[in-house]
Q: 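Dropping the structure in here first, questions after.
Proteins come first, then strands; the chains are lettered A, B, ... in the order of their sequence lines, and each starts at number 1.
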There are 2 protein chains.
Amino acid sequence: MSPTISTDLIRGHTTTIILNILRQGDSYGYEIYKKILALSGNQYELKEATLYTAFRRLEKEACIESYWGDETQGGRRKYYRITAKGKERYQHSKREWNFAKEILDRLIQGGLEDEEGSKSTGS
Amino acid sequence: MSPTISTDLIRGHTTTIILNILRQGDSYGYEIYKKILALSGNQYELKEATLYTAFRRLEKEACIESYWGDETQGGRRKYYRITAKGKERYQHSKREWNFAKEILDRLIQGGLEDEEGSKSTGS
DNA sequence: CATATTACTTTGACAGACATAGTAATATGC
DNA sequence: GCATATTACTATGTCTGTCAAAGTAATATG
């Protein structure tokens, strides 16, 4: 139920995740919230406050645009659309992620092998 | 020279990185600083302030212990040693990293294929 | 003896994630 | 009709990790 991923490991990725979802079509807050939960296999819940904070950040940076949906009379929804700048930003972030992944793997996994069930080296 | 990895992508990993280095033997601040720089192929520079902040955090949590080196007369060095708790913590963080990696890959890379050179879909 | 390098420390700023709380509309059950 | 749950968005303030900046101090180098 609650996220298994510590919040610090997510930091800096939320905008990339949001942009990636919007690449696949316009969407609104709650839907994106649900989508992330589902995509992560219920392992990661992006909190609403974080999500809407990210929207505002991304909109200010012209990476996304918003418009109110048609259901004006009820359940108003604010839709977000990714812009050209947003797409560039996504590609850049994705590259950065793949790059960071390699380096972090080296820094985190590198060095000693795990001694856990060390049953090798029989001499 | 300056880090290619944005600081937010590192967040939460510094302690794991430090613990991993200490797993390979006692070391001191400056050496660890250099080691990280080298291990990352000069792509990531963990700033000193961050490093020493992390030491204090880790020591408070009993994941590492410190002692002053023998070179008391000059170039005093404070060595750090990983504790049992620190080793556990490392294993846990490593697992978490490998787990987060998968989920983040799904969230960041998943969905649309890159349309970069989209030369398909005729008619 | 000035400068560079090694080596550690402290203070304060900043940004992103989130807790909390609130608004408001629709749907569901009684 | 009314309480409750769910959908959907917003605003305020807190916390934490990273880092800039500045300082101390010793050794090595020219």
Side-chain angles (χ1 to χ4, degrees), chain A residues 2-3 5-19 26-37 40 44-61 63-64 66-80 93 100 104 107, chain B residues 1-3 5-19 26-38 40 44-61 63-64 66-80 93 100 104 107:
Chain A
S2 74
I5 299 189
S6 109
T7 145
D8 275 327
L9 299 199
I10 286 300
R11 198 175 176 116
H13 295 297
T14 49
T15 57
T16 314
I17 292 170
I18 293 170
L19 288 176
D26 297 6
S27 190
Y28 57 94
Y30 206 70
E31 195 180 43
I32 294 177
Y33 167 84
K34 293 276 196 177
K35 227 170 219 175
I36 291 174
L37 198 60
S40 74
Y44 176 61
E45 181 195 9
L46 183 67
K47 303 296 154 48
E48 277 183 82
T50 310
L51 184 62
Y52 289 107
T53 304
F55 280 150
R56 243 150 272 141
R57 212 186 312 134
L58 283 167
E59 199 164 18
K60 198 158 58 177
E61 294 167 7
C63 288
I64 59 174
S66 66
Y67 57 94
W68 286 98
D70 262 8
E71 49 290 271
T72 333
Q73 72 284 28
R76 79 257 149 78
R77 292 170 177 169
K78 199 184 216 173
Y79 284 86
Y80 292 93
S93 300
L104 282 171
L107 290 171
Chain B
M1 218 182 206
S2 76
I5 299 188
S6 111
T7 145
D8 275 328
L9 299 199
I10 288 299
R11 198 173 177 121
H13 295 297
T14 49
T15 57
T16 314
I17 292 171
I18 292 170
L19 289 176
D26 296 7
S27 189
Y28 56 94
Y30 207 70
E31 195 180 43
I32 293 177
Y33 167 83
K34 294 275 197 179
K35 227 170 220 174
I36 290 174
L37 199 58
S40 73
Y44 176 61
E45 181 195 8
L46 184 67
K47 302 297 153 50
E48 277 182 81
T50 310
L51 183 62
Y52 290 106
T53 305
F55 281 150
R56 242 148 274 140
R57 213 186 311 135
L58 282 167
E59 200 164 18
K60 199 158 58 178
E61 293 167 8
C63 289
I64 59 174
S66 65
Y67 57 94
W68 286 99
D70 263 9
E71 47 293 92
T72 333
Q73 70 284 27
R76 79 256 152 77
R77 290 172 178 168
K78 200 182 214 172
Y79 284 86
Y80 291 94
S93 300
L104 281 172
L107 290 171

Q: Looking at every non-hydrogen atom in both residues, tell me the closest pair between B:Arg57 and B:Thr15 and how far apart they are.
A: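 Of all heavy-atom pairs spanning B:Arg57 and B:Thr15, the closest is NH1-CG2, 3.1 Å.
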Q: With sugar-phosphate meaning primed atoms plus P, OP1 and OP2, does A:Tyr33 contact a base, only sugar-phosphate, or nothing at under 4.0 Å between heavy atoms?
A: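 Counting heavy atoms under 4.0 Å across all strands, no contact is made by A:Tyr33.
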Q: Within less than 4.0 Å of OP1 or OP2 of C:dA19, is there a side-chain N or O belonging to A:Lys47?
A: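 A:Lys47 to C:dA19 OP1/OP2: side-chain N or O found under 4.0 Å.
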Q: Determine the contact category for A:Thr50: base if any of its heavy atoms lies under 4.0 Å from a base atom, sugar-phosphate if only primed atoms, P, OP1 or OP2 are that close, otherwise nothing.
A: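 Base, at least one base heavy atom under 4.0 Å.
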Q: Taking the minimum atom-to-atom distance to the side chain of B:Ala49, which one of D:dT10, D:dA21, C:dA7 wins?
A: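 Ranking D:dT10, D:dA21, C:dA7 by closest atom to the B:Ala49 side chain puts D:dA21 first.
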Q: Side-chain N or O of B:Tyr28 versus OP1/OP2 of C:dA7: is the shortest distance under 4.0 Å?
A: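 So the side-chain polar atoms of B:Tyr28 do come within 4.0 Å of the phosphate oxygens OP1 or OP2 of C:dA7, strictly under.
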Q: When the distance from CD of B:Glu31 to P of C:dT6 is rounded to whole Å, what number comes out?
A: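 My rounded result for the distance is 12 Å.
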Q: Using atom CD1 of A:Ile18 as one end and atom P of C:dG16 as the other, report the distance to the nearest whole Å.
A: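 It is 12 Å, rounded to the nearest whole Å.
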Q: Checking base pairs now: Watson-Crick or wobble, both atom distances under 3.5 Å. What partners C:dA19?
A: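 Paired with D:dT12.
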Q: Are the side chains of B:Tyr80 and B:Ile18 in contact, using a 4.5 Å heavy-atom criterion?
A: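 No, side chains not in contact.
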Q: Has B:Arg11 got a side-chain N or O lying under 4.0 Å from the OP1 or OP2 atom of D:dT18?
A: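 Result: no.
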Q: Is any side-chain N or O of A:Tyr44 closer than 4.0 Å to OP1 or OP2 of C:dC18?
A: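 Yes, within the criterion.
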Q: Quick one: which of C:dT20, C:dT6, C:dT9 gets closest to the side chain of B:Lys78?
A: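 Selected nucleotide (nearest to the side chain): C:dT9.
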Q: Whole Å only: how far is the OH atom of A:Tyr67 from the C1' atom of D:dC9?
A: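 Whole-Å distance recorded here is 16 Å.
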Q: Evaluate the side-chain proximity of B:His13 to A:Leu9: yes if any heavy-atom separation is below 4.5 Å, no if none is.
A: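 Side chain of A:Leu9 against side chain of B:His13, heavy atoms only: contact under 4.5 Å found.
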Q: Would you mind reading off the distance between A:Ile36 atom CD1 and C:dC18 atom C1', rounded to a whole angstrom?
A: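 One finds 14 Å between C1' of C:dC18 and CD1 of A:Ile36, rounded.
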Q: Round to the nearest Å and state the distance from B:Leu46 atom CG to D:dT18 atom P.
A: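 Spelled out: CG on B:Leu46 to P on D:dT18 is 8 Å.
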Q: Which whole-number value in Å describes the distance from A:Tyr30 OH to C:dA25 C1'?
A: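 In whole Å, C:dA25 C1' lies 14 Å from A:Tyr30 OH.
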Q: Whether the A:Tyr33 and A:Glu45 side chains hold a donor-acceptor pair (N or O, under 3.5 Å, no angle test) is what I'd like checked.
A: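 Side chains of A:Tyr33 and A:Glu45: pair found under 3.5 Å.
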Q: Starting at CG of B:Leu9 and ending at C1' of C:dA15, how long is that distance when rounded to a whole Å?
A: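 Rounded to whole Å, this separation is 14 Å.
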Q: If you compare every side-chain N and O of B:Arg76 against the phosphate oxygens of C:dA7 (OP1, OP2), does one of them come in below 4.0 Å?
A: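 Indeed not, no polar side-chain atom of B:Arg76 lies that close.
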Q: Atom CH2 of A:Trp68 and atom P of C:dA25: how far apart are they, to the nearest Å?
A: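 These atoms are roughly 12 Å apart.
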Q: Does the structure show a Watson-Crick or G-U wobble partner for D:dT29, both distances under 3.5 Å? Name it, or say none.
A: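 Base-paired to C:dA2.
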Q: Specify the residues of residues 51-61 of chain A, ordered by number, for which at least one heavy atom lies under 4.0 angstrom from an atom of DNA chain D.
A: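 The answer is A:Tyr52, A:Arg56.
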Q: Once you measure the plane-to-plane angle for B:Tyr67 and B:Tyr79, does it fall in the parallel (<30°), tilted (30-60°) or perpendicular (>60°) bin?
A: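 Rings of B:Tyr67 and B:Tyr79: parallel, under 30°.
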Q: Would you say that A:Leu46 contacts A:Leu37 through its side chain, given a criterion of any heavy-atom pair below 4.5 Å between the two side chains?
A: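 They are not in side-chain contact.
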Q: Is any side-chain heavy atom of B:Ile17 closer than 4.5 Å to a side-chain heavy atom of B:Ile32?
A: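 They are not in contact (no side-chain heavy atoms under 4.5 Å apart), so the answer is no.
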Q: So what does A:Glu48 touch, heavy atoms closer than 4.0 Å: a base, only the sugar-phosphate, or nothing?
A: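 Base contact.
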Q: Quick one, A:Thr16 and B:Leu107 - any side-chain contact, counting heavy atoms below 4.5 Å?
A: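 No, their side chains stay 4.5 Å or more apart.
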Q: Pick the nucleotide of DNA chain D nearest each of B:Gly12 and A:Gly29; which residue has the one closer to the 5' end?
A: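 Counting from the 5' end, the first nearest nucleotide belongs to A:Gly29.
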Q: Side-chain N or O of A:Thr14 versus OP1/OP2 of C:dA17: is the shortest distance under 4.0 Å?
A: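 Answer is yes, contact under 4.0 Å.
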